[in-house]
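Here is the structure we will look at, set down as structure tokens.
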Amino acid sequence: MSFSSSPRGLEALQARHGGRYPWLVLAAMACGMVTAVLSATIFNVAIPALMADFHLGQDRVQWAVTGYMAAMTVAMLPTAWLIERYSFRRVFLGAVLLIGIGSLGGTMAWNFPSVVAMRIVQGLAAGLLQPMSTLLVLRLFPLERQGRAMGILGFGIILAPAVAPIAGGFLVDHFGWRAIFLITVPGSLAALAAGHLLLPHKPPARAEHPFDWTGLSLLTLAILSLLQTVGSLHAHGLLSPQSGIGALVATAGIALFLRHARRVPGPILALGLFSERAFAMGTLVSFIFGVGLYGSTYLVPVFLQSILGYNAATAGLALLPGGIALALMTPGAGYLADRIRPHRQTALGLLLFAISFVLLALLAGISLGLPLLPTLMGTVVIGRIGLALILPALNLGALRPLAQRLVGQGSALLNCTRQLGGTLGISLGAVYVEWRSNHLGQPAGSAQAFAEVFALVALAFFLALGGALAMGKPATAATAAGR
């Protein structure tokens with residue numbers, strides 16, 4: 001993100017607003033990000049109403065969720081090129097405007113395909129915004145305040161999913177499913193106004209390289225094939241021909257992209273990113289982090305209801321202390337990231353999250369007939385504290401060592417791998433529980449299946465500890481020379 005020296009350039013805006021200017025820009029970015037997160041999380045409460053209104057089954061209604069997720073993941077990839085070509089300001093305002101268009105379009109949807117189309121529009125906007133928040137912090141804040149800025153930004157992003165189900169449920173119950181699209185309109189308007197006033201002008205510039213349509217197409221093919229494959233595991237099974245073909249297409253897409261990226265001067269993702277050990281290891285940790293974050297969000301409520309027999313309200317109450325701990329800890333974790341090396345904080349967070357899943361596995365193994373809710377709530381809190389420590393530190397530890405020209409692509413790829421990890425975490429976790437439950441028999445088999453999948457998540461986080469610690473090793477000579 002570079003700024004011009006025009007009358008609305010960085011220097012003039014800093015002179016007008018003084019030392020609070022970076023924090024005002026962060027608030028504008030947070031407003032846009034919270035709006036994007038709300039568009040992602042509030043929709044789930046409206047799925048039963050959509051099914052009833054359009055007479056749909058689960059197999060069709062899931063396209064509204066899958067379409068959003070696929071659009072968001074793919075849209076992350078060209079963000080760095082778009083910022084270089086059109087400026088941070090134009091991309092931010094354009095993404096926020098897209099969310100508003102998708103929201104208003106959703107309220108006027110006349111059939112289910114139009115709902116899916118509006119969800120795809122919202123997903124594209126959310127995908128553009130996610131890498132921009134990290135890029136803003138790294139470019140606008142001094143080194144000693146980047147962790148604090150990440151923590152404050154993360155607080156709003158984390159708080160939004162906690163509020164979304166409550167607000168969404170109220171809107172659906174009183175005004176119908178169309179009303180959930182309107183909740184993002186005020187945030188879109190506020191972000192547009194703040195971005196217009198605070199982000200500096202920069203005239204469009206000729207990008208160093210033309211847009212890599214071939215690379216984007218190959219990566220899109222790989223991502224969509226992977227998402228479709230894991231999304232249909234419930235229907236077809238892990239070892240089915242459909243799953244095998246999908247995995248083959250995804251692998252071929254990645255292989256062809258690697259071959260393409262070596263031959264063109266400006267690929268959409270530069271392979272030089274992985275010459276920096278900290279980023280390569282950070283990408284691996286980000287993937288596993290996504291598995292744990294999204295997988296636990298899905299698996300723990302299902303375990304509470306299907307195994308422990310709690311209703312939905314009690315299950316939500318059991319997760320509330322963990323959500324509060326996560327929200328309260330995130331700003332402090334950002335402050336801590338400015339005081340200790342990010343890779344150490346990331347490793348500590350991974351360790352706490354792994355311990356929480358070891359405890360969950362033990363609880364699942366002895367769950368039948370025992371009142372374990374208070375203990376389980378404490379276990380979830382431990383994991384959420386770990387997640388709070390990871391959130392600001394991982395991005396800083398992985399992206400700081402990169403050459404400036406690669407930071408935008410690096411931010412996009414970190415977000416993309418986290419999203420893919422989350423998709424795999426949900427789908428593979430659900431498939432594993434179903435398979436083991438049927439194999440072991442009910443009801444004890446289901447409890448054992450949850451115990452095993454919790455243990456597998458813990459193992460993945462223990463293995464990720466090595467990647468986190470490797471992030472702290474010195475930068476390679478090649479990357480250092482590029483800065």
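Throughout, residue positions are numbered sequentially from 1 according to the sequence presented.
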Taking all atoms of both residues into account, what is the closest heavy-atom pair of [X] and [Y], and its distance?
X	Y	answer
Thr134	Met150	CG2-CE, 3.4 Å
Ala95	Ala125	O-CB, 3.1 Å
Arg139	Val407	NH2-CB, 3.9 Å
Ile385	Ala325	CG1-CB, 4.4 Å

Ring pair (Phe, Tyr, Trp, His ring centres under 6.0 Å) partners for Phe287, two or more places apart: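 For Phe287, no residue satisfies ring pair (Phe, Tyr, Trp, His ring centres under 6.0 Å) once neighbours in sequence are set aside.
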Should Met29 and Phe88 be marked as a side chain to side chain contact (heavy atoms under 4.5 Å, CB included) after you check the CA-CA gap, both sets of side-chain angles, and the distance that decides it? CA-CA 11 Å; Met29 174 57 68; Phe88 191 96; 3.3 Å; yes
Got [X] and [Y] here, is their nearest side-chain heavy-atom distance under 4.5 Å?
X	Y	value
Gln146	Leu143	yes
Arg262	Leu271	yes
Trp81	Ile268	no
Glu276	Met281	no
Phe454	Leu459	no

side-chain hydrogen bond (donor to acceptor under 3.5 Å, both in side chains) with Gln409: which residues, sequence neighbours excluded?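 For Gln409, no residue satisfies side-chain hydrogen bond (donor to acceptor under 3.5 Å, both in side chains) once neighbours in sequence are set aside.
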Using a 6.0 Å distance limit plus a 45 degree cone around the ring axis, check whether Arg277 lies over the aromatic ring of Phe279.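 No; the conditions do not both hold, so Arg277 does not lie above the ring face of Phe279.
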Stacked cation flag Arg119 on Tyr68, 6.0 angstrom / 45 deg: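 Arg119 over Tyr68 ring: yes.
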Are any side-chain N or O atoms of Gln130 and backbone N or O atoms of Asn415, one a donor and one an acceptor, separated by less than 3.5 Å?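 Not confirmed, Gln130 side chain does not pair with Asn415 backbone.
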If you round to the nearest 0.5 Å, how far is CZ of Arg384 from CG of Leu389?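 If we round to the nearest 0.5 Å, Leu389:CG and Arg384:CZ are 13.0 Å apart.
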